[in-house]
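Order of appearance sets the numbers: ligands from 1, and atoms from 1 within every ligand. Numbers here simply count residues along the sequence, with the first being 1.
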Amino acid sequence: MKGHRRSYIFISNFLFLLLSIATITVSPFFPPAVDSHQDASSSMSPSPAGELEKLKQEEAKLSSLLAQVRQQKLSVLRSRPLTIGIIGFGRFGQFIGKSFAKYGNVIGTSRSDYTEIAREMGVKYMPLSDLEAFVMEDELDVIVIAVSIVSFQDTVQDLVLHLQKRIQEKGSCPLIVDVLSVKEHARNILLELLPEECDILCTHPMFGPDSAKHGWQGQTFVYERTRIDGVLLDPTKGYEYDSDNGDLLMDEQGLSHDAHENSDAHIEGMDRIERFLSIWEEEGCNMISMSCKSHDGFTANSQFITHLMGRILGAQGLQATPIDTKGFQSVLKLIETTNADSFDLFFGLYKFNRNSKEAISRLKESMNDVVGKLLEMEGEREEHIKSCL
Ligand code: NAP
């Protein structure tokens, strides 16, 4: 009897369990039936009167708090403005120099003489032939290297000697930032050649003088904090927030470092990086922390393909017509913007991103596939017409 009862209890529990699972599983797809006489709206619990009003007030309070924090950030940034040196004062160097000048002191240097252009922007200019004087400038916080991708390695090589002298004489190295459109190449060279004392920030503003001629608002800025105070950071971990430990940086051995670690060099290094990044933030950029490796994987299939298509279409000599479609206008725009950049830049995108050759192969395959489909269809039609005769 006991055995029957136990199995009865077991079976009924089992059925109950099944029923519960079925209800849970099925309910998202079959919501509980509403009595057809009942008003459907009455099944939703109405929000108490005035709730929206309260939420709006809360929203207004938060945005005013956000505005205050931004204001404080800006005054901290302006209280001790950075001195930023730019090596390579060409098309892109001038473009960023103009905005940097709103936030700090800017010194440009390049092969060509840009003294007049720099003066109009409120930027001090020094010839690249006197790189030593540029590097030894007092208060130089940051050096941004904005030369062509193809001349990057030689430029860094030349810079190293002067940085070593500065470290010996002044005991510090400015933060070294690159803005190259290919990132693994830049990262490897900086890590290989720069003295250990130099902090490194690898960046790529995903915009330029054409695409952002009306401002940087909403433009994407990719960066990797590569090395701070001699610690090589794990770019895949980036800069994380841990609720127990605060802001953390992971090194390549998997050791975590507090963003506010107790060494003056570390604190100063972090502060300098944050100040520099804040300029881009203040200009409204969409800030993306990403490893150089991931960046290059993405850009081979986006930026490089865009430039390649722009160059191929540009080589066709396409011209505007009186009856352009919107699509064709976009094609002409693509040709205009990609061809405005130097061929050195295009070559650099190809040569120094290991994924670009594969992108070209895939493009050729797709071209063959699409043309093949057209020829196949044409052949089938001709066969069909012949068979009808
Ligand atoms: P670029 O043709 O890639 O570079 C021109 C700059 O490189 C000029 O400042 C030029 O100096 C310098 N340069 C060229 N050969 C040199 C050499 N042998 N030694 C020293 N300096 C040399 O054109 P860019 O558009 O100005 O780009 C500069 C950098 O910014 C590149 O690394 C590029 O990837 C990056 N970037 C460009 C864009 C963009 O939209 N254009 C966007 C993001 C990042 P002189 O003018 O004095 O000859």
Side-chain angles (χ1 to χ4, degrees), residues 84-100 106-118 121 123 125-131 134-135 143-160 162 176-190 193 201-216 219-224 279-280 283 285-288 290 292 295-296 298-300 302-304 306-307 310-311 333-334 336-353 356:
I84 304 173
I86 301 175
I87 303 183
F89 208 62
R91 194 164 133 80
F92 195 71
Q94 290 168 28
F95 170 70
I96 52 177
K98 208 173 185 178
S99 291
F100 291 170
V106 182
I107 310 168
T109 185
S110 216
R111 288 180 310 182
S112 311
D113 183 10
Y114 295 116
T115 313
E116 200 46 39
I117 293 176
M121 287 179 191
V123 166
Y125 191 76
M126 301 170 89
L128 190 63
S129 53
D130 198 1
L131 188 57
F134 170 87
V135 173
I143 293 179
V144 179
I145 309 174
V147 296
S148 62
I149 299 169
V150 282
S151 64
F152 184 71
Q153 182 161 3
D154 288 347
T155 305
V156 176
Q157 192 86 62
D158 291 347
L159 184 63
V160 167
H162 305 300
I176 308 294
V177 180
D178 88 281
V179 290
L180 261 58
S181 311
V182 288
K183 296 270 48 81
E184 274 193 289
H185 171 68
R187 182 180 197 270
N188 293 342
I189 286 176
L190 293 175
L193 300 179
L201 177 69
C202 293
T203 77
H204 183 203
M206 307 292 300
F207 53 93
D210 286 306
S211 53
K213 59 174 166 241
H214 301 302
W216 300 1
Q219 300 284 354
T220 299
F221 180 82
V222 176
Y223 63 96
E224 177 200 288
I279 294 179
W280 303 85
E283 286 294 293
C285 289
N286 171 27
M287 308 294 287
I288 309 274
M290 178 182 281
C292 292
H295 167 278
D296 284 4
F298 286 126
T299 53
S302 56
Q303 190 188 28
F304 177 64
T306 308
H307 280 254
R311 293 279 168 181
K333 189 86 205 136
L334 173 73
E336 187 191 320
T337 51
T338 50
N339 286 266
D341 283 327
S342 73
F343 204 85
D344 267 1
L345 198 157
F346 179 48
F347 177 70
L349 294 178
Y350 160 76
K351 179 75 185 145
F352 296 104
N353 185 336
S356 57

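- The N/O atoms of Gly90, backbone and side chain alike, include one that comes under 3.5 Å of an N/O atom in ligand 1.
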_CA sep, side-chain torsions, deciding dist, call: Val123, Phe89, side chain to side chain contact (heavy atoms under 4.5 Å, CB included)_ = CA-CA 11 Å; Val123 166; Phe89 208 62; 4.0 Å; yes
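- When non-hydrogen atoms are compared, ligand 1 lies under 4.0 Å from neither the backbone nor the side chain of Met206.
- In this structure, SG on Cys202 lies 11.5 Å from NE2 on His185, to the nearest 0.5 angstrom.
- At least one heavy atom of Pro205 sits under 4.0 Å from some atom of ligand 1.
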*So Phe221 and Ile288, side chain to side chain contact (heavy atoms under 4.5 Å, CB included) or not? Walk me through it.*
CA-CA 6 Å; Phe221 180 82; Ile288 309 274; over 6 Å; no
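- Not close to ligand 1: Phe343, with no non-hydrogen atom less than 4.0 angstrom away.
- Considering each of Ala340, Gly208, Ser110, the one bringing a non-hydrogen atom nearest atom 40 (O) of ligand 1 is Gly208.
- Checked by distance only, ligand 1 and Ser148 come closer than 3.5 Å through their nitrogen or oxygen atoms.
- In terms of protein heavy-atom proximity, atom 26 (O) of ligand 1 is closest to Phe92 N, 2.9 Å.
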*Please step through side chain to side chain contact (heavy atoms under 4.5 Å, CB included) for the pair Leu201 and Glu224, ending with a clear verdict.*
CA-CA 6 Å; Leu201 177 69; Glu224 177 200 288; over 6 Å; no
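- A salt bridge links Lys183 and Asp178; the closest N-O separation between the charged side-chain nitrogens and carboxylate oxygens is under 4.0 Å.
- Contact annotation: Pro209 has at least one heavy atom less than 4.0 Å from an atom of ligand 1.
- Interatomic distance, OG1 of Thr338 versus CZ of Arg311, reported as 6.0 Å (0.5 Å rounding).
- The shortest N or O to N or O distance between Val147 and ligand 1 is below 3.5 Å.
- Considering backbone and side-chain N/O atoms, Arg111 comes within less than 3.5 Å of an N/O atom of ligand 1.
- Under the rule for a side-chain hydrogen bond (donor to acceptor under 3.5 Å, both in side chains), the partners of Asp210 that lie at least two apart in sequence or sit in another chain are Arg91.
- Defined by atom type and a distance below 3.5 Å, a donor-acceptor pair is present between the side-chain atoms of Ser148 and Ser151.
- For a threshold of 3.5 Å applied to N or O pairs, the pair formed by Ser181 and ligand 1 contains at least one separation below that value.
- Residue contacts with ligand 1 do not include Phe152, since none of its heavy atoms lies under 4.0 Å from the ligand.
- Counting heavy atoms under 4.0 Å from ligand 1, residue Ala146 touches it through the backbone alone.
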